[in-house]
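Below, all heavy atoms of this structure are taken into account, side chains as well, without hydrogens, waters or symmetry copies. This is a predicted model, so every value here is computed, not measured. Below, chain A is the first sequence line, B the second, and so on; all start at residue 1.
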Amino acid sequence: DAGVIQSPRHEVTEMGQEVTLRCKPISGHNSLFWYRQTMMRGLELLIYFNNNVPIDDSGMPEDRFSAKMPNASFSTLKIQPSEPRDSAVYFCASSSGQGGSDTQYFGPGTRLTVL
Amino acid sequence: DQQVKQNSPSLSVQEGRISILNCDYTNSMFDYFLWYKKYPAEGPTFLISISSIKDKNEDGRFTVFLNKSAKHLSLHIVPSQPGDSAVYFCAARRSSNTGKLIFGQGTTLQVKP
């Protein structure tokens, strides 16, 4: 049974470019989460969706970041324009249950480097 | 404002001995706590959890203890095995926002053969 799938696994881009990270949650899960891990801030929640609707986006750092979930099997996290301080590992996770209360299963992450 | 803190960045123990990883929190509204384990180049995986109505939860070699008055929890691994070497994250959440996990900075555990 496939877990959470993220693409790309690695992304290197130049400052000012648009970056799109993709996530396919586990089939049947109704909540999806985007996290960012950095040395300075650790692992922090950016946004989460329940039944494709954004529930809490208080962790989204600024307007350059946006996330969408057009259907139950796909989500994107977009950074436009990207900056060097956006360099981090971005994880997607999914869970079942009401409001994302069940165990969150993480994908392998996308390592983003902005030069 | 670090609401969940893991003050020890690293811990080294001998195989077969006990590993104790600690976590402190500041928000008294947290009512559910979790531990995740992370290997390099992989995402975190759920290990064990505890509700605030309990003070202990055990699953095989892993036991989590919760001291609400001290706002402290710990993860005990007995006996430790080399395969337990990983980064361990403590996380907490509130019942009013069950999807939002607040993670600590993580503790790197090394179990030496």
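Heavy-atom contacts from other residues, nucleotides or ligands closer than 6.0 Å to CG of A/Asp63 number 12 or fewer.
When heavy atoms are compared at a cutoff of 4.5 Å, A/Tyr105 does not approach chain B at all. Heavy-atom distances place the side chain of B/Phe89, and not its backbone, under 4.5 Å from chain A. Using a 4.5 Å cut-off between heavy atoms, A/Arg9 touches chain B through its side chain atoms alone. In this structure, chain B has a heavy atom under 4.5 Å from the side chain of A/Gln37, while its backbone stays farther away.
The aromatic ring centroids of B/Phe65 and B/His76 lie less than 6.0 Å from each other.
By number of non-hydrogen pairs under 4.5 angstrom with chain B, the leading residue of A/Val4, A/Asp56, A/Leu45, A/Ile55 is A/Asp56.
Here the straight-line distance linking atom CG of B/Leu73 with atom NZ of B/Lys56 works out to 15.0 Å at 0.5 Å rounding.
No hydrogens or angles considered: nothing links the side chains of A/Glu11 and A/Tyr90 as a donor-acceptor pair under 3.5 Å.
Minimum interatomic distance between A/Pro108 and A/Gln6 (heavy atoms only, all atoms of both residues): N-OE1, 3.7 Å.
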